[in-house]
Amino acid sequence: EVASSLHAAALFGVDQGRLRIMKHKNDRLFPASTTKILTLYLALKYGTLSDEVTVSKNAVSVPSDSSVAGLREGEQLTLEDLLYGLMLPSGNDSAVTINKHISCRVDEFVHLMKQEVNALGATNSHFVNPHGYHDKDHYTTAYDLYLIFNQGIQNEKFVDIISSPSYTTDIKEPDGSVRS
């Protein structure tokens with residue numbers, strides 16, 4: 001039984017690839033940080049894990065109530081490091097840095113998001129940013145999230161990242177020093 005306090009829910013069996021329980025599966029809802037599932041999927045599809053990426057001023061200028069990975073302007077780390085920072089602490093700073101690395105501008109990344117969700121059949125979604133920070137035009141459905149997540153878990157690295165309890169890396173500071 002699905003809890004009545006939920007807005008929408010879907011329970012699916014990955015091995016069978018089908019939904020088992022659905023409640024309001026096509027209702028449009030604000031996805032918040034579940035947006036990062038799509039950002040992770042796109043980064044793995046279009047990026048190279050070993051790429052060295054520099055954190056921009058824009059990436060560390062996310063709203064003060066955002067969840068962040070603690071990145072600092074000018075730091076250098078790999079795309080793989082950023083993916084862990086995206087998913088484990090739900091870092092909006094990592095999402096912005098990944099966006100810039102994959103597509104340069106937000107509108108280009110959003111276009112890529114739209115292309116990919118349409119290809120997956122997730123046609124009741126509309127994304128306007130890579131992190132899910134609230135916007136009235138940023139929405140998805142439980143069913144569309146199922147489609148996106150189901151595609152993501154086909155990638156072993158996707159599963160490794162979302163299954164990790166913690167992650168430590170060395171980040172190169174602008175002055176050349178290194179912090180963990």
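Worth knowing before you read on, the calculation uses all heavy atoms, side chains too, and leaves out hydrogens, waters and symmetry mates.
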Heavy-atom side-chain proximity of Tyr133 to Thr35 below 4.5 angstrom: no
Do Ile98 and Val60 land in one hydrophobic cluster if side-chain heavy atoms of ILVMFWY residues count as linked below 4.5 Å? yes
Side-chain heavy-atom pair Ile37, Tyr41 within 4.5 angstrom cut-off: no
Within the structure provided, determine whether Lys100 and Asn58 are in side-chain contact (heavy-atom separation under 4.5 Å). no
Do Leu40 and Val110 belong to the same hydrophobic cluster, where Ile, Leu, Val, Met, Phe, Trp and Tyr are linked whenever their side-chain heavy atoms lie under 4.5 Å apart, directly or via other members? yes
Hey, does Ile102 have a side-chain heavy atom less than 4.5 Å from the side chain of Leu42? no
Taking Asp81 for the side chain and Thr78 for the main chain, is one N or O donor matched with an acceptor at less than 3.5 Å? yes
Among Pro31, Pro130, Ser67, side-chain contact (heavy atoms from CB on, under 4.5 Å) partner for Lys36: Ser67
Hey, does Val55 have a side-chain heavy atom less than 4.5 Å from the side chain of Ile171? no
Measure from the side-chain N and O atoms of Asn124 to the backbone N and O of Thr141, and report whether any donor-acceptor pair falls under 3.5 Å. no
In one Ile/Leu/Val/Met/Phe/Trp/Tyr side-chain cluster, 4.5 Å: Phe127, Phe30: no
Glu52 and Lys172: salt bridge (charged side-chain N to carboxylate O under 4.0 Å, His left out), yes or no, with the steps? CA-CA 10 Å; Glu52 288 288 326; Lys172 185 177 176 186; over 6 Å; no
Quiz question: by atom type and distance under 3.5 Å, do the side chains of Asp160 and Tyr84 form a donor-acceptor pair? no
For Leu112 and Ser103 the tightest heavy-atom approach is CD2-OG, 4.0 Å
Within a strict 4.5 Å, meaning less than it, do heavy atoms of the Ile148 and Thr34 side chains meet? no
Is it the case that the side chain of Asn99 and the backbone of Ala95 share a donor-acceptor pair, with hydrogens and angles ignored and the cut-off at 3.5 Å? no
Sidechain-backbone polar pair: Asp93 side chain, Val68 backbone, donor-acceptor under 3.5 Å: no
Rounded distance (nearest 0.5 Å) linking atom CD of Gln76 with atom CG of Leu71: 12.5 Å
Do Asn92 side-chain atoms and Ser66 backbone N/O form a donor-acceptor pair below 3.5 Å? no
Between the CZ atom in Phe158 and the CE atom in Met87, the distance rounded to the nearest 0.5 Å is 6.0 Å
The test is side-chain contact (heavy atoms from CB on, under 4.5 Å); show your working for Leu44 and Leu83 and say whether it passes. CA-CA 9 Å; Leu44 289 169; Leu83 297 179; 3.6 Å; yes
Rounded to the nearest 0.5 Å, how far apart are CG of Leu86 and CD1 of Ile161? 8.5 Å
In one Ile/Leu/Val/Met/Phe/Trp/Tyr side-chain cluster, 4.5 Å: Val106, Val128: no
Give the cluster check for Phe109 versus Leu79: same hydrophobic cluster or not, with ILVMFWY residues linked at side-chain heavy-atom distances below 4.5 Å. yes
Nearest non-hydrogen partners of Asp144 and Ser125, listed with the distance: OD2-OG, 2.7 Å
Please name the pair of heavy atoms, one in Thr168 and one in Ser180, separated by the smallest distance, quoted to 0.1 Å. CG2-CB, 4.3 Å
side-chain contact (heavy atoms from CB on, under 4.5 Å) assessment of Thr39 paired with His131: CA-CA 7 Å; Thr39 300; His131 41 65; over 6 Å; no
Contact summary for His138 and Gly132, nearest pair of heavy atoms: NE2-CA, 3.6 Å
Looking at every heavy atom in both Arg72 and Glu75, which two are closest together, and how far apart are they? N-OE1, 2.8 Å
Could you state the interatomic distance from CD (Glu73) to CD (Glu173), rounded to the nearest 0.5 Å? 12.0 Å
Student check: side-chain heavy atoms of Tyr167 and Glu80 closer than 4.5 Å: yes
Flag side-chain contact, heavy atom, 4.5 Å: Leu77 against Val53: no
With rounding to the nearest 0.5 angstrom, report the CG to OG distance, Leu88 to Ser166. 7.5 Å
If only atom types and distance count, is the side chain of Ser56 paired as donor or acceptor with the main-chain N or O of Ala59 below 3.5 Å? yes
Please name the pair of heavy atoms, one in Asp137 and one in His126, separated by the smallest distance, quoted to 0.1 Å. O-ND1, 2.6 Å
